[in-house]
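Chain letters run A, B, ... following the sequence lines, proteins first, then strands; residues in each count from 1. Note that the structure is predicted; figures quoted are calculated from it, not measured.
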Amino acid sequence: MLRTHNCGELRRENDGQPVSLAGWVHSYREQGRELVFVDLRDRYGKTQVVFNTDEDSRIDELARKLRREDVIHVEGTVRYRGDGLTNPKLDTGEIEVRVTQLKLLSRSKTPPFEIEGGDLPNEELRLSHRFLDLRRPELQKNIRLRHDLTQAVRAYFNERDFLEIETPMLGRSTPEGARDYLVPSRVHPGSFYALPQSPQIYKQILMVSGFDRYYQIARCFRDEDLRADRQPEFTQIDLEMSFVDRDDVLEMIDGLVSSVMKQVRDIDVPLPLPRYTHAEVMEKYGTDKPDLRFGMPIHDISEIAAESDFSVFKTVIGNGGRIRGLTVKNGAEAYSRRLLDVDLKKFVGEYGARGLAYMKVVGGALESTIAKFFSAEQQQAIIATMEAEDGDLLLFVADSWKVTCAALAALRNRIAKEQNLYDPASFSCLWVVDFPLFTWNPDEDRFDAEHHPFCQPNAEDVEYLNTDPGKVRADSYDLVVNGYEAASGSVRIHDSEIQKAIFDLLRIDSEEAERRFGFLLDALRFGAPPHAGIALGLDRWVMMLAGNDNIREVIAFPKTQRAADLLSGAPSEVDEQQLLDLHIELSEPPAAE
RNA sequence: GGGGGCGUAGCUCAGUUGGUUAGAGCGCCAGCCUGUCACGCUGGAGGUCGCGGGUUCGAGUCCCGUCGCCCUCGCCA
């Protein structure tokens, strides 16, 4: 071993002890020719080491050549620094190591950015020099947190009879859902594997095989556009249970969430986590993943507006639309006319809203350019419906149901942030249940599965399967944390006849269904237990627990928005021979250098 | 595919209505300094203003195109 201690553990009690340390030169301070201080750093902390000619002039000579990020090994003696000479900012600040032997293990080029202190460099540089970026304490902390979370998850499931089972990365492409990452087969010309979007089918088959309780920290791949909270490869905490119903899964995850939050961040989560129906949150918050760290629900004034003289609202209602809005408490003064007419209007426009109407509540009545279209009685009705008081600002979107949802949900999040309506360090966890089983796809003239095609219809709604499929609720559930989808799951179909019926509704004919999912259908015909499961987005959980809003901050080697790895240079062109082996011919030659 | 933002020294940024030799802080290099710890002091080096084209007597600045990064809509069973 090169070291007896790490750089974060020496204390005054170690005074006089001979030690050896190794690490990176974090900073370097020369005091005249014969006294040199170095803060030596490793992932445990920093320790000041001292070189002094009194001890050995050769060491001192070498010490003066040290530069930041050089890797060195020192031997020496721990010494209390002396009264008035300690540094309270360092855990090891009461002591220093007086060096008697110095060895330069590795020289460092001058780093392109500072490891600590100063403004963060742009992300491009951070990603191309990720090995340096990862030395920063923030990322070290995040990666550590990720480890802690993963271990807490494993411990929780291991204690409850779950088996951790791996499933294939090279699988079959199922064109439903997200775009697949494809891997060409060398031995089967013209055929491709797909990287898993999730281990969905395999884990269901594991239930059929009798494994009863499965979990996996599973890497998943989706070739879709990236966002701040989305990477093309990401990690799910995936699990599946047999002989359970919805509530069993929800309770299991309630326990997981509270246990993990307590363990890794000492956060107390009251159980059970509240449950809302999909219909309820869409009506109240306009989204299936509401951030409930604050209130500000959506209110609907369609009925009042229909009776008013305001033709813009009446036309929308005549076309089957809705007039819905938000009440910004004490917001009347907070938003200037310019902000409302330009910024916020443009903002809701991104979600398809053609306009943003606003009113202020002043002296118990409405003040607005459109107030004149509403009678005194209607104004009172609006104030009552919006639960508004003097000084409040009312914001309205008049549009289709869908557009009012999207625009107001986004607006609600934006305003809450701007108005500091919540503590960003707080947590709100909730379940959303009873999602619709299908959504109508007008482009393809058919229904699409809202969750995935293996989701069990709610028993009460089975009668609508043939008459009104849009009405059928699914036995599915999402866990929402701070406005993020943090987990998603469902009770699965374990009857091949029902599964076939669902495929029919999705216009996947039996031949096609057999071709795509035959192995699952076949498995379901050999004695499938009722089963249900869920998958949690590990990266998002770590991100939230790290107090971050960017998933790249909790992934060691993330990709850019264009799915490139700036460190390794992936994706890259390959040799002609590799393409030949894979029977691949490029339709367009790559651009010349 | 659409919308928005950014790109000037190694890093973070400033740079006026288009006008002399493009600046600052940090970092880097050299020297000085025996108790520093954001050390201090003195001096110095360092620029394809992302790239290409255009307008102009003159472009970091204006116009067109293009590349990269970020946010976002669509997309993400």
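Closest to the side chain of A:Leu566, out of B:rC69, B:rC37, B:rA38, is B:rC69. Picking from B:rG35, B:rU34, B:rC37 the nucleotide with the shortest atom distance to the side chain of A:Leu85 gives B:rG35. Proximity note for A:Arg81 (side chain, C-beta onward) versus B:rU36, B:rG10, B:rC70: the nearest is B:rU36. The side chain of A:Gln31 has B:rC33 as its nearest neighbour among B:rC11, B:rC70, B:rC33. Residue A:Phe37 has its side chain nearest to B:rU36 when only B:rU36, B:rC37, B:rU12 are considered. Nearest to the side chain of A:Pro121, among B:rU12, B:rU36, B:rC70, sits B:rU12. When distances run from any side-chain atom of A:Arg29 to the nucleotides B:rU72, B:rU36, B:rC71, the shortest one goes to B:rU36. Closest to the A:Leu35 side chain, of the nucleotides B:rU72, B:rC37, B:rU34, is B:rU34.
Heavy-atom contacts from other residues, nucleotides or ligands closer than 6.0 Å to OH of A:Tyr193 number 12 or fewer.
B:rG40 sits 13 Å from B:rG35 when the C1' atoms are compared, rounded to a whole Å. Remark: the separation of the P atoms in B:rC67 and B:rG52 is 15 Å, to the nearest Å. B:rA14 sits 15 Å from B:rC26 when the C1' atoms are compared, rounded to a whole Å. B:rU16 and B:rU12: their C1' atoms are spaced 22 Å apart (whole Å). The gap from the P atom of B:rC49 to that of B:rA9 amounts to 9 Å, rounded to the nearest Å. Comparing the C1' positions of B:rU17 and B:rC64 gives an interatomic distance of 23 Å, to the nearest angstrom. Taking atom P in both B:rU61 and B:rG19, the straight-line distance is 11 Å, to the nearest Å. Comparing B:rG18 with B:rA59, their P atoms are spaced 13 Å from each other, to the whole Å.
Note: A:Phe447 and A:Trp440 have perpendicular aromatic rings, judged against thresholds of 30 and 60 degrees for the angle between ring planes. In this pair, A:Phe517 and A:Phe454 present their aromatic rings perpendicular. The plane angle is above 60°, beyond the 30 to 60° band.
Checking the phosphate oxygens (OP1, OP2) of B:rA38, a side-chain nitrogen or oxygen of A:Lys89 falls inside 4.0 Å. Close to B:rU12, at under 4.0 Å from its OP1 or OP2, lies a side-chain N or O of A:Asn122. A:Thr560 has a side-chain polar atom (N or O) that falls below the 4.0 Å cut-off from OP1 or OP2 of B:rC69. Under 4.0 angstrom from either OP1 or OP2 of B:rC70 there lies no side-chain N or O belonging to A:Asn550. Between A:Arg98 and the phosphate of B:rU34, there is no side-chain N or O to OP1/OP2 separation shorter than 4.0 Å. At B:rU36, none of the side-chain N or O atoms of A:Gln48 fall inside 4.0 Å of OP1 or OP2 (strictly under the cut-off). OP1 or OP2 of B:rC73 has at least one side-chain nitrogen or oxygen of A:Arg227 nearer than 4.0 Å.
Residue contacts for A:Pro453: at a heavy-atom cut-off of 4.0 Å it reaches a base atom on one of the strands shown. Within the 4.0 angstrom heavy-atom criterion, only backbone atoms of the sugar-phosphate kind lie near A:Leu120; the bases stay farther away. Among the protein residues, A:Glu116 comes within range of no part of the nucleic acid, since none of its heavy atoms lies under 4.0 Å from any strand. A:Thr174 comes within contact range of no nucleotide atom at all, as no heavy-atom separation falls under 4.0 Å. Here A:Tyr351 lies in heavy-atom contact (under 4.0 Å) with sugar-phosphate atoms only. Residue contacts shown for A:Gln561 include a base, since a base heavy atom lies under 4.0 Å away. Looking at heavy-atom distances under 4.0 Å, A:Arg516 makes no contact with the nucleic acid at all. In this structure, A:Leu506 reaches neither bases nor backbone, as no heavy-atom distance under 4.0 Å exists between it and the strands shown.
With A:Thr235 as the fixed residue, the side-chain contact (heavy atoms from CB on, under 4.5 Å) test singles out one of A:Leu536, A:Val542, A:Ile217: A:Ile217.
Summary of the strand contacts: A:Glu124 and A:Gln200 both lie near RNA chain B, and taking for each the nucleotide with the nearest heavy atom, the more 5' one is attributed to A:Glu124.
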Report the C-alpha separation of A:Tyr181 and A:Glu233 in whole Å, then their side-chain angles, then the decisive distance to 0.1 Å, and conclude whether the side-chain hydrogen bond (donor to acceptor under 3.5 Å, both in side chains) test is met.
CA-CA 10 Å; A:Tyr181 275 101; A:Glu233 55 179 305; over 6 Å; no
side-chain hydrogen bond (donor to acceptor under 3.5 Å, both in side chains) for A:Asn441 and A:Asp448? Distances and angles first, verdict last.
CA-CA 6 Å; A:Asn441 181 338; A:Asp448 282 338; 2.8 Å; yes
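You'll find a donor-acceptor pair under 3.5 Å spanning the side chain of A:Asp225 and the base of B:rG74, going by distance alone. Taking 3.5 Å as the limit, the base of B:rG35 and the side chain of A:Glu96 contain a donor-acceptor pair of atoms between them. Between the side chain of A:Arg222 and the base of B:rC76 there is no donor-acceptor pair of N/O atoms closer than 3.5 Å. Taking only distance into account, the side chain of A:Arg230 meets the base of B:rC75 through a donor-acceptor pair shorter than 3.5 Å.
Straight-line distance from the CZ atom of A:Arg64 to the C1' atom of B:rU34: 12 Å, rounded to whole Å. One can place NZ of A:Lys559 at 18 Å from C1' of B:rC70, the figure rounded to the nearest angstrom. B:rC70 atom C1' lies 12 Å from atom CD of A:Glu553, rounded to whole Å. In this structure, the CD atom of A:Glu224 is 5 Å from the C1' atom of B:rC76, given to the nearest Å. When rounded to the nearest whole Å, the span between CD of A:Gln231 and P of B:rC69 equals 12 Å. Between the NZ atom of A:Lys346 and the C1' atom of B:rG2 there is a distance of 13 Å, given to the nearest Å.
Cation-pi geometry between A:Arg246 and A:Tyr477 is not met at under 6.0 angstrom from the ring centre and within 45 degrees of the axis. Geometric assessment of A:Arg68 against the ring of A:Tyr28 yields a negative cation-pi assignment under the 6.0 Å and 45° thresholds.
Among all heavy-atom pairs drawn from A:Gly355 and A:Lys345, the shortest one is CA-CE, 4.2 Å. Listed here is the closest heavy atom pair of A:Ile555 and A:Gln231: CD1-CG, 3.7 Å.
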With sugar-phosphate taken as primed atoms, P, OP1 and OP2 and all else as base, the protein-contact string of nucleotides 25-32 of chain B at under 4.0 Å (heavy atoms; B, S, -) is -SSSSS-S
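Look at A:Phe113 and the base of B:rC11; the rings do not stack under the cut-offs of 5.5 Å between centres and 30° between planes.
Under the Watson-Crick or G-U wobble criterion, with both distances below 3.5 Å, B:rG68 is paired with B:rC6.
For the pair A:Leu21/A:Leu10, a side-chain contact is recorded, criterion being any heavy-atom separation below 4.5 Å from C-beta on. In this structure, A:Ile493 and A:Pro457 have side chains that are in contact, with non-hydrogen atoms separated by less than 4.5 Å.
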